[in-house]
Amino acid sequence: MSQAMEEFFASLPARAPAILRAPVTGTLQIDLTTDHRTDHWLVRLSPGKAVVDRARGPADAVWSSSVDLFERLATGTAQSISAVLRNESTFSGNVMLFLVFRRFFPTPPGVRDPRETAREQTGRA
């Protein structure tokens, strides 16, 4: 497992208060595969809180992905919903957990809020 992945999962509890404002509660198991090995992460989500364990367990949803794809998601160079729709990763269970969890991923490099762009074009602050 890369250092970037370890840092991503380690950062979730500190970032959760700003990201997890929706009243969604549940456990998401993330299975990351590379070659013939699968690493498991269990993320318990609740409003303002994320608890991360490197384990398998009972979960309300399971998301399976390659380590390579997940690293691209964690760096903002891939999009989670697109990956599922292209069948690059799979998801089963409570879809709300997937939709909430994806907010932890950064936006792609160079992406700006369209409202900022419109303000700059119209000269409004």
Under the side-chain hydrogen bond (donor to acceptor under 3.5 Å, both in side chains) rule, collect the residues that match up with [X], sequence neighbours excluded.
X	value
Thr25	none
Ser92	none
Asp31	Gln29, His40
Glu88	Arg86

> Mind checking whether Phe8 and Leu42 sit in one hydrophobic cluster, side chains of I, L, V, M, F, W, Y counted as touching below 4.5 Å?
Replying inline: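 Different hydrophobic clusters.
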
>> Taking Val51 as the starting point, is it possible to reach Trp41 by hopping between hydrophobic residues whose side chains are less than 4.5 Å apart?
In response: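 No: no chain of side-chain contacts under 4.5 Å links Trp41 to Val51.
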
>> Under the side chain to side chain donor-acceptor pair (under 3.5 Å) definition, can you give me all pairs with a residue in residues 13-22, not counting sequence neighbours?
In response: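 Passing the test, one end in residues 13-22: Ser11-Arg15.
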
> For Asp60, what residues pass the salt bridge (charged side-chain N to carboxylate O under 4.0 Å, His left out) criterion, not counting sequence neighbours?
Replying inline: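 Asp60 satisfies salt bridge (charged side-chain N to carboxylate O under 4.0 Å, His left out) with no residue once adjacent residues are dropped.
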
>> Tell me every residue that passes salt bridge (charged side-chain N to carboxylate O under 4.0 Å, His left out) with Arg56, counting only those two or more places apart in sequence or in another chain.
In response: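 For Arg56, no residue satisfies salt bridge (charged side-chain N to carboxylate O under 4.0 Å, His left out) once neighbours in sequence are set aside.
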
> For residues 90-100, which residue pairs qualify under salt bridge (charged side-chain N to carboxylate O under 4.0 Å, His left out), counting only residues two or more places apart or in two chains?
Replying inline: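 Pairs touching residues 90-100 that pass the test: none.
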
> Can you pull the salt bridge (charged side-chain N to carboxylate O under 4.0 Å, His left out) pairs that have at least one residue in residues 95-109, sequence neighbours excluded?
Replying inline: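 Not a single pair qualifies under salt bridge (charged side-chain N to carboxylate O under 4.0 Å, His left out).
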
>> Using the rule given for side chain to side chain contact (heavy atoms under 4.5 Å, CB included), can you reason through Phe91 versus Leu28, listing the C-alpha separation, both sets of side-chain angles and the distance that settles it, and then say yes or no?
In response: CA-CA 10 Å; Phe91 183 84; Leu28 174 62; 3.8 Å; yes

> What pair of heavy atoms forms the shortest contact from Pro47 to Pro23, and how long is it?
Replying inline: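 Closest approach of Pro47 to Pro23, heavy atoms only: CG-CA, 3.9 Å.
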
> Which heavy-atom pair separates Pro17 from Ala14 by the least distance, and what is that distance?
Replying inline: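 Smallest heavy-atom distance, with atoms named: CD-O, 3.4 Å.
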
> Taking it one step at a time, do Arg115 and Glu120 satisfy salt bridge (charged side-chain N to carboxylate O under 4.0 Å, His left out)?
Replying inline: CA-CA 9 Å; Arg115 293 171 291 194; Glu120 289 173 5; over 6 Å; no

>> List the residues meeting side-chain contact (heavy atoms from CB on, under 4.5 Å) with Val100, not counting sequence neighbours, and say none if there are none.
In response: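 Testing Val100 for side-chain contact (heavy atoms from CB on, under 4.5 Å), a comparison that skips the adjacent residues, returns Leu20, Val24.
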
> Is there a donor-acceptor pair under 3.5 Å between the side chain of Asn94 and the backbone N or O of Met96?
Replying inline: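 Yes, because the side chain of Asn94 sits within donor-acceptor range (under 3.5 Å) of the backbone of Met96.
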
> Counting only N and O atoms by type, is there a donor-acceptor contact under 3.5 Å from the side chain of Thr38 to the main-chain atoms of Leu32?
Replying inline: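 Side chain of Thr38 to backbone of Leu32, a donor-acceptor pair under 3.5 Å: no, none is there.
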
> Taking the side chain as C-beta and beyond, is there a heavy-atom pair between Thr75 and Phe105 under 4.5 Å?
Replying inline: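 Counting from C-beta outward, Thr75 and Phe105 never come under 4.5 Å.
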
>> Could you work out, with ring pair (Phe, Tyr, Trp, His ring centres under 6.0 Å) as the rule, every residue matching Phe104, not counting sequence neighbours?
In response: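 Testing Phe104 for ring pair (Phe, Tyr, Trp, His ring centres under 6.0 Å), a comparison that skips the adjacent residues, returns Phe101.
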
Between side-chain atoms of residues 61-70 and protein atoms elsewhere (two or more places apart, or another chain), which donor-acceptor pairs fall under 3.5 Å?
from, atom 1, to, atom 2, distance (Å)
Trp63, NE1, Ser89, OG, 3.2
Ser66, OG, Leu69, N, 3.0

